[in-house]
Structures are given as C-alpha cells and as structure tokens.
Amino acid sequence: MSGFEMGLLLFVVTLIAIMLRMPVGLAMFFLGAVGYVLLVGWDPLINTLNNSTYSRFSSYTLSVVPLFLLMGQFATKAGLNRALFKAASAWFGHMRGGLAIASVGGCAMFGAICGSSLATAATMSQVALPEMRRYGYSNSLATGTLAAGGTLGILIPPSVILVIYAVYTEQSIGHLFLAALIPGLIATVGYMIVVAVYVRIAPDAGPAVGRVPLREKISSLQGIWPTALVFVVVVGGIYLGWFSPTEGAAIGAAAVGLLAITVGGMRWQGTRACLVDTAETTALIFLILMGAEIFNAFLALSQMPQELGQVVTELDAPPIVIIIAMLVVYILLGCVMDALAMVLLTMPVFYPIVASLDLGMTPDQTGVWFGILALMAVEMGMITPPFGLNIFVINAMAEDVPMNQTYKGVLPFVLSDCVRLAIIVLVPATALYLPGMM
Amino acid sequence: MDETEAEGAQRKRLGAPRGDPFGARLFALSEGLAVFGGICLIIVTVFTVLSVVGRTGLDMPILGDQEIVELGCSIAIFAFMPYCQMRSANVIVDFFTAPLSLAARDCLDAVMNTIFSACILVVTWRLAVGGIGTFNSADNSMFLRIPYWWGYSFAFVACVFWALACLYSVLRSVRYMRRAGRPVTEGGGAP
C-alpha cells in the first residue's frame with residue numbers, strides 16, 4: 001500500500017472511529033500512531049513520544065489558550081455580562097424585538113473579552129433569557145437569538161480557534177484577530193437585521209418594552225467601558241507588538257480577574273469555580289492538540305496531503321470552487337462535530353491545498369482569509385441541528401422550551417450566516433482590509 | 001427531537017460518583033489537582049503582568065520570563081487532564097450512535113476507554129523515558145537554567161493520575177453497561 005492510500009484509508013478510519021464515540025482527540029492520537037507505526041515502525045513512534053507530549057503542553061504560543069479561557073471565566077464573575085446587556089437594552093429595548101437585538105449586541109461585546117462561543121451563549125443567556133421571557137418574547141426568538149449570538153463570542157476576537165489556526169498555519173495571531181473584526185461586525189449587524197425582520201413578520205414574538213430616559217441611557221454606558229478598555233488593550237497591544245499574545249491574554253485575565261474581585265465580589269469559592277471550569281475546557285482542547293500532533297506527523301509522513309493537493313490542482317477547477325467545496329464540507333461536518341476538532345482534523349489536508357491555489361493574493365493573505373472563512377463555517381456547526389452545542393446549552397437553561405422550537409428559532413440566523421459567508425468569499429477585503437492597513 | 005434523543009446527543013459531564021469510595025477519592029484528587037493547576041495558571045498570569053510592566057514601564061525586563069510561563073503552563077495543563085477525564089468531558093460525536101440502546105453505547109464507551117487507557121499508559125511511560133533522558137543529559141532552559149526534568153517529573157505524576165482516571169472510566173462504562181442506564185447530568189462545554 002502506498003503512503004497516499006494509507007493516509008486516505010486511516011483518515012477514513014479515524015472518521016469512523018469518531019462516529020463510534022471515540023473521543024476526537026484520542027482517535028487522532030491512536031490512529032495517527034497506528035499509521036506512524038505502519039509507515040516507519042514502532043521505535044520511531046515511541047522515540048517521538050519521549051518529548052512530543054511535553055513540548056506540546058509546554059509550548060509558549062499555546063499557553064495563550066488557557067489564559068484566554070480564564071479571562072472569559074472571570075468576565076462572568078465580574079458581572080460584565082449583566083452590565084453589557086443592561087446598556088444594550090437601554091438603547092434598543094424600546095424597539096420591537098429590542099431585547100433580542102440587545103442580546104445580540106451584548107453577545108458581541110462580551111465576545112470582545114471572551115474567546116469561546118459556548119461561554120458567551122451561556123453567560124449572556126443568564127441575564128438576557130429571563131428578561132426576554134418576562135416581557136413575553138416567543139420561545140423560538142429568545143432561544144434562537146441567544147444560541148446564534150453565542151457564536152459572536154468566537155467570531156469577534158480574541159478567539160481560541162483563531163489562535164490555534166494561527167499556530168498550526170504559522171500565521172500571525174494579531175493579523176487574524178484584526179481580520180476577524182469586520183466580519184464579526186457584519187455578523188452582529190446581520191443577526192440584528194434577522195431579529196428586525198423576524199418581529200416584522202411575527203410582531204407578537206418580540207414586544208417592545210418601555211422607553212428609557214436619555215439620562216439613564218447615557219449612564220448605562222458606564223457599564224461598557226471596562227470591557228472596551230480590556231478589548232482595546234489586549235487586541236490592540238497584540239497587534240501592535242507591545243506584547244506577545246500570551247502576555248496580552250495574561251494582562252486581560254489579570255484585569256478582568258481584578259474586576260471580578262473588586263466589582264463582582266469574587267472570593268475563593270468563585271475563583272475555584274472559574275479554575276475548574278477553565279481546567280475542563282483547557283484539558284479537552286489539549287487532548288485534541290495532542291492527538292493532532294501525532295496525526296499530523298503521520299499525515300506528513302504519508303505524503304497524502306501533498307498528493308491530494310496535486311490531484312485537486314489537476315482537476316483544473318476554479319480555485320474559488322475548491323474553497324467553496326471546503327466550506328461546504330465544514331458546514332456538513334459541523335452538523336455533527338465540534339468546531340475546534342474539525343479545524344484540527346482537516347487543516348493538515350486542506351491547508352496545503354489552499355496554499356497551492358492561485359487566488360491572486362499573497363500566501364499570507366490567503367492564509368488569513370481562509371482562516372476567517374473556516375472559522376465562520378465551523379461556527380455555523382454550533383447552531384445547526386442536530387449537533388449544535390450552543391443550542392443544547394441554551395436549551396438546558398430554558399428547560400420548558402421544546403428543542404424543536406429552538407431549532408426553528410435558530411434557522412433564520414443560519415440563513416444570515418450563509419449570506420455573510422458568501423460576502424466574505426466574494427469580497428476578501430472584508431477580512432484583509434484591516435490587517436493590511438497598518 | 002424528543003427528550004432521550006436530546007440527552008443522547010448531549011455530551012455527558014459527570015460529577016463525583018456516589019456509593020463508590022475509590023471513585024469518589026479519585027474524583028476529589030483530580031479536582032484538587034485541577035485547582036492546583038489553576039493556581040499555577042494564576043501565578044503565571046500575575047508573573048507575566050509583572051514582567052510586561054517591568055519591561056515597558058520600568059525598563060527592567062525579566063530575562064527568561066518565557067521559561068517560567070512554559071513551565072507554569074505545562075504544570076497547569078497536565079494537572080487539568082485527569083479532571084477532564086473523570087468528568088467525561090472529552091469531545092465525542094454522539095449523533096450516529098444515538099439510535100443504539102444505552103447499553104450498546106456504554107459498551108462502545110468501554111472499548112474506547114480501554115484504548116484510551118492503553119494510549120495514556122504509553123504516553124506516561126514515554127514521558128518517564130523522555131524525562132530521564134533530559135535528566136541524564138542535564139538539559140537546562142536557556143536563561144534561567146531551569147532543569148527540564150522538573151517539568152517532566154510533574155508531568156509524569158499528573159499522567160499517572162490521568163492513566164488511573166482512564167482505567168477508572170473503563171470500569172465506569174462497564175458498570176453503566178450492566179445497569180443499562182446512567183445518571184442524568186448537565187450538558188457539555190467546548191469553545
């Protein structure tokens with residue numbers, strides 16, 4: 001069997017193992033190791049393992065991941081979710097569907113200090129869901145908005161998936177963060193438009209609440225500045241090279257942690273809760289990273305990605321068609337699979353192909369643009385049935401809402417995701433303008 | 001999607017096992033380890049802030065600050081692994097097996113956890129070999145001369161717990177399989 005066939009075969013076997021409930025990280029580790037042994041033997045594998053695990057877990061660039069996760073945990077304890085939603089609802093609440101629009105705005109702002117989609121969905125729901133239900137919002141609109149709004153947490157930088165994409169494709173984290181900004185804003189506006197159209201069609205779904213006096217509106221803005229400040233310092237500082245992404249994440253975590261202690265009244269119990277939640281999420285990410293290390297080493301040995309790239313090039317299809325085909329794969333996989341796992345599983349195969357396509361951009365531009373596209377495509381998986389983690393989280397919080405109502409509520413937002421993806425495919429400048437400007 | 005399907009598609013996160021002193025102790029230990037790792041992460045955070053302030057504000061850079069971050073984060077991350085395992089929080093795809101009976105799913109879990117245990121045992125073994133290698137060659141970090149075997153030693157200890165947690169989860173899936181049912185728990189979490 002040639003290396004190419006072996007690579008292809010084990011890739012398929014890995015997918016099957018994942019379908020049979022093997023943890024994704026383990027499947028990549030185990031079947032990558034099997035392939036490694038078949039190609040070069042047992043001794044090289046165990047020699048690689050002497051140092052590969054430790055060097056992966058002690059990597060300076062990847063240490064940004066637990067730090068950003070910790071920052072997101074502290075942000076809830078600091079009550080920033082409450083302050084952000086309050087400010088947004090003061091400005092938008094009087095409109096029809098206003099609280100849903102405010103939820104989208106709150107999610108977007110919370111996303112600026114939180115790199116995770118689930119955490120954003122869960123924390124914003126804590127404050128927004130009871131309010132929307134109190135004012136008689138329909139179940140579909142309320143849960144759908146929050147599930148979709150949660151994805152803004154990862155689209156708007158900082159973003160854990162972008163960090164890991166950057167590390168694996170050797171792109172600059174700062175560039176990717178900046179590139180995600182305009183697409184993130186397009187996503188926010190897109191979701192707000194969805195809500196506005198939704199309540200135009202079904203006026204009862206989102207009644208307006210009383211208008212808030214201007215004075216109160218302005219004073220509500222005070223709740224926003226800590227978030228804005230942390231975001232500007234962290235993302236700006238990383239981009240301008242004042243400090244490394246790891247240092248930026250540490251500064252952010254320390255600042256938000258201080259807020260949690262002073263404003264949020266966080267004490268030992270609260271800190272402990274933040275730590276174990278961070279522990280759990282960090283560990284599940286690093287298991288996948290550990291698996292990806294061995295899996296990628298095996299795929300590189302098999303030469304499968306390069307040869308597949310060759311095959312794809314010989315197809316002579318327009319590059320844009322190939323990109324769209326990859327995005328479709330992500331969207332389909334996303335229906336059943338976790339976003340980060342998908343990125344790590346496919347990147348060693350997809351990225352060499354993308355890099356070899358002639359899209360009329362520099363290689364770095366292509367890398368950044370594709371990173372944003374891939375991020376958006378995999379994030380759709382968080383809200384597409386049947387396996388949409390955000391939907392589950394929201395649904396667990398609104399126990400009396402049947403699952404199919406949440407699915408129905410989320411569909412218009414999926415539509416807006418598709419439109420946005422098309423915009424960014426057709427106009428790469430939406431992603432590339434900001435990083436190219438400075 | 002009805003109730004059981006929703007439950008099936010959801011990732012299980014388990015709490016401390018009841019009526020099982022060994023399991024409960026292992027759970028408490030791994031949780032303690034996770035908190036310890038978290039404290040290391042906080043120390044890294046504070047240290048990094050001081051280092052940035054020292055470098056930009058006071059013109060007093062800390063030489064080799066990266067090495068502290070690397071050591072601290074590796075301790076934290078290794079310390080997190082057993083807890084995640086005890087909680088069964090790893091990412092799995094539940095969609096395709098949802099039509100199967102609970103017992104069949106638990107049977108699959110038992111097989112996967114057995115493979116998991118074997119893999120982590122190999123990882124632990126090679127970590128020991130790698131650590132002894134760095135000890136013998138007296139490899140140090142560049143600026144602070146921190147011996148690499150320090151990091152390896154802690155990683156080894158944490159991995160022993162991780163392997164134990166894996167072996168325990170085999171036992172747990174077999175138990176669930178026998179009883180053909182498992183405790184209902186909250187939903188999962190990933191970024």
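Here is the naming used below: chain letters follow the sequence lines, and residue numbers restart at 1 for every chain.
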Evaluate the side-chain proximity of [Y] to [X]: yes if any heavy-atom separation is below 4.5 Å, no if none is.
X        : Y        : result
A/Thr53  : B/Arg126 : no
B/Met112 : A/Leu20  : yes
A/Leu287 : B/Phe116 : yes
A/Ile251 : B/Val52  : yes
B/Thr48  : A/Phe243 : no
A/Glu247 : B/Arg55  : yes

Chain A heavy atoms under 4.5 Å from [X]: which part of the residue, side chain, backbone, both or neither?
X        : result
B/Asn113 : neither
B/Tyr83  : side chain
B/Val122 : side chain
B/Ile39  : both
B/Val35  : both

Structural part of [X] lying under 4.5 Å from a heavy atom of chain B:
X        : result
A/Thr271 : side chain
A/Ile391 : neither
A/Ala249 : neither

Practice prompt. Scan A/Thr281, A/Leu284, A/Thr282 and name whichever one has a side-chain contact (heavy atoms from CB on, under 4.5 Å) with B/Cys84.
Written response: A/Leu284

How long is the gap from [atom1] on [X] to [atom2] on [Y], to the nearest 0.5 Å?
X        : Y        : atom1 : atom2 : value
A/Leu62  : B/Cys73  : CG    : SG    : 10.0 Å
A/Glu280 : B/Asn90  : CD    : CG    : 9.0 Å
A/Phe29  : B/Ile115 : CZ    : CD1   : 12.5 Å
B/Phe80  : A/Thr278 : CZ    : OG1   : 6.5 Å
A/Met22  : B/Asp109 : CE    : CG    : 11.0 Å
A/Met290 : B/Cys119 : CE    : SG    : 7.5 Å

Report the option among [options] that has the most heavy-atom pairs separated by less than 4.5 Å from atoms of chain A.
options                               : result
B/Thr134, B/Leu127, B/Ile77, B/Val123 : B/Ile77
B/Ala155, B/Cys159, B/Gly151          : B/Gly151
B/Val46, B/Ile120, B/Thr97            : B/Thr97

Can you name the closest pair of heavy atoms from [X] and [Y] and give their distance?
X        : Y        : value
B/Val49  : A/Ala250 : CG2-O, 3.8 Å
A/Ser58  : B/Glu70  : O-CG, 3.1 Å
A/Ala253 : B/Thr45  : CB-CG2, 4.0 Å

Worksheet item: With under 30° as parallel and over 60° as perpendicular, where do the rings of A/Phe57 and B/Phe78 fit, or are they tilted in between?
Response: tilted

Worksheet item: Taking A/Cys335, A/Pro23, A/Ala17, A/Ala341 one by one, which has the highest count of heavy-atom pairs under 4.5 Å against chain B?
Response: A/Pro23

Discussion item. Under a 4.5 Å cutoff for heavy-atom pairs, which residue among A/Thr246, A/Leu26, A/Thr48 has the most contacts with chain B?
Written reply: A/Leu26

Discussion item. Regarding A/Asn50 and B/Tyr152, do their side chains bring together a donor and an acceptor under 3.5 Å, going by distance alone?
Written reply: no

Worksheet item: Is it true that atom CZ of B/Phe161 has more than 12 heavy atoms of other residues, nucleotides or ligands lying nearer than 6.0 Å?
Response: no

